[in-house]
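Structure record follows, encoded as structure tokens.
Starting from 1, each residue takes its place in the sequence as its number.
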Amino acid sequence: MSLKIFFLSTFLIYNLYAENKAFEIVISPKDIVVSKYYYHFENKAIWIQNNNQIKDLAFDLINKIKQDKILEPQINKLFEFEKIENLLEHRDYLSKNRLIELDLLLTKTYHEYMTYLAKGIINWQIFLDELKKIEEKDEIKAKWAKYEVRKNFITLLKKAIEKQDINLAINEVNYTFPYAKDLENEIKRLEEISQSGGYITIPETKTILKKGNFYPQIKQIRQRLYQSNDLDSILCERDIENCLEYYDQTLFTAVINFQKRYGLIADGIIGKKTIEKLNTPVEEKIKTVRINLERMRWLPRNLGKEFILINIPAYKLKFYEEKEVQLKMDIIVGKKRFPTPVFSHRMSEIIVNPYWKIPQTIVKKEIIPKLVKNSDYLENENINVHENWDTNSLKFDVSSVDWNMYLDNDLIGTPKEAPMRFIQTPGGTNPLGRIKFLFPNQYSVYLHDTPEKHYFTLNEKTLSHGCIRLERPFELFEKIILKEHETNFEKNKIIQNLEEKDFKLSKKIPIHIVYLTAWVENNKLQFREDIYDYDKIQSKLLF
């Protein structure tokens with residue numbers, strides 16, 4: 001028999017069947033999605049067995065949701081657990097109608113939880129509206145692409161019931177980001193610290209603390225680093241008077257490890273910034289971890305057998321093969337005014353000795369003002385002016401152009417249409433350096449070399465207009481090209497020859513540009529600065 005659903009006023013009546021008997025349950029139309037489940041389950045109860053006993057799978061589902069560290073703070077707001085648990089507590093005395101009501105509640109809970117796993121909990125449209133406000137107020141074009149899992153939750157539930165394992169459904173839609181589960185486990189450890197009173201507070205100091213000296217704050221710093229497992233013991237390494245206040249080598253190593261975990265300058269010198277991070281409340285860290293776990297649910301679930309992962313706040317690129325990091329390097333990302341977008345794509349092309357086709361926004365805001373001050377600027381920088389983006393197109397003679405007429409207006413054109421295009425030749429001061437990696441996208445972002453290698457020595461690397469500069473680009477080129485063409489290349493010969501050369505990739509490589517301010521690496525919890533203030537925005541929406 002088919003499921004009978006019909007409207008009565010603003011409600012729906014469900015005729016469901018348990019032990020071949022029909023029972024009517026009246027629920028709101030907003031829960032009509034559950035009707036699809038019962039249609040595919042032949043109108044039979046899903047979570048209740050023929051003997052009116054609740055299946056173990058139902059309890060497994062409830063326990064799994066309660067253990068979800070992202071949803072934990074607001075779990076009772078998201079699910080009707082109070083009602084469900086009341087029914088479960090009295091399950092041996094429930095009428096058939098109440099049993100069916102419980103079945104419907106469990107189905108609804110399953111569907112809602114799978115939806116959260118697939119999409120995340122933050123209202124995505126509200127977040128995009130917040131980014132739009134930033135663009136309108138500060139002219140900052142912040143872009144973030146979200147990827148949802150498209151799986152049939154009903155089919156997954158049938159599989160879970162058949163194998164009596166709810167994880168078979170949950171694991172199909174939950175995050176697959178490297179070490180995501182390790183990050184989830186860190187919440188439990190941080191919560192234990194919170195419940196025991198939180199981190200010990202380090203007193204402020206007017207001077208920096210250096211190894212080999214006595215300071216009263218060192219005793220508290222020892223205790224604090226012991227709390228976070230950066231220090232194995234608070235004991236001194238040698239027997240001297242007031243040794244707990246002595247900054248010894250063991251503590252020095254622990255401080256360096258702590259500084260590395262926070263992306264600070266790892267010099268072992270304890271200054272204002274290090275103490276500030278030491279004094280960050282553990283509750284704030286728990287929130288940060290939850291935000292980053294939520295972000296992992298916005299990523300594609302299949303990252304690829306080999307893929308490139310770029311973490312913007314960490315200023316780091318990693319090349320993965322079979323879940324192992326094969327190459328790692330520093331990167332430079334967009335300034336706060338020109339944030340690097342967050343999205344995934346596939347690398348399809350590598351160009352050696354590239355021309356730089358200068359974006360019209362940079363021409364308008366940076367090059368025109370320089371030309372007004374120095375008419376030889378284009379010649380000095382090897383920039384030619386063409387009729388279009390084709391490097392072989394007509395080249396204009398601009399020696400007699402009065403650039404003042406293009407200052408502070410739109411006469412120079414827009415990204416879509418312009419009377420002239422500015423293109424810098426390979427080599428020299430070309431900001432793309434000698435190589436760029438393309439994955440054509442709506443944001444016009446790519447990876448590239450840079451002649452300004454000294455920027456990689458800086459601790460904060462937000463210096464570009466949105467594209468990503470690589471510390472050692474030819475190592476990435478080697479990694480990709482040797483796999484693709486199985487041939488060696490002569491780097492010096494390529495550098496000496498300024499001819500542009502294009503390498504098309506037959507096997508496109510997934511590239512994921514992410515924004516993570518907390519993650520686990522080498523079994524250590526890492527934190528980084530919220531360089532684009534996304535943590536602040538998303539924290540308000542998540543909590």
Can you confirm if the NZ or CZ of [X] lies within 45° of the ring axis of [Y] and under 6.0 Å from the centre of its six-membered ring?
{"X": "Lys287", "Y": "Phe543", "answer": "yes"}
{"X": "Lys436", "Y": "Tyr446", "answer": "yes"}
{"X": "Lys211", "Y": "Phe252", "answer": "yes"}

Flag for Asp68-Tyr113: side-chain donor and acceptor within less than 3.5 Å:
yes
Is it the case that the side chains of Asn292 and Thr517 hold a donor-acceptor pair, with the cut-off being a distance below 3.5 Å and no angle test?
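Present: a donor and an acceptor within the cut-off.
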Does a sphere of radius 6.0 Å around [atom1] in [X] hold more than 12 heavy atoms from other residues, nucleotides or ligands, not counting ones at 6.0 Å or beyond?
{"X": "Lys453", "atom1": "NZ", "result": "yes"}
{"X": "Asp129", "atom1": "CG", "result": "yes"}
{"X": "Ile240", "atom1": "CD1", "result": "yes"}
{"X": "Asp232", "atom1": "CG", "result": "no"}

Of Glu521, His512, Glu324, which is the lone residue that meets side-chain hydrogen bond (donor to acceptor under 3.5 Å, both in side chains) with Lys318?
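Exactly one candidate clears the test, Glu521.
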Check whether any side-chain heavy atom of [X] sits under 4.5 Å from a side-chain heavy atom of [Y], and report yes or no.
{"X": "Val352", "Y": "Phe477", "answer": "yes"}
{"X": "Phe258", "Y": "Arg224", "answer": "yes"}
{"X": "Gln538", "Y": "Trp144", "answer": "yes"}
{"X": "Leu470", "Y": "Phe456", "answer": "no"}
{"X": "Tyr199", "Y": "Pro281", "answer": "no"}

When Ile468 is tested against each of Leu317, Ile332, Leu447, Ile312 for side-chain contact (heavy atoms from CB on, under 4.5 Å), which residue passes?
Leu447
The residue among Leu209, Asp248, Asn242 that forms side-chain contact (heavy atoms from CB on, under 4.5 Å) with Ile218 is Leu209
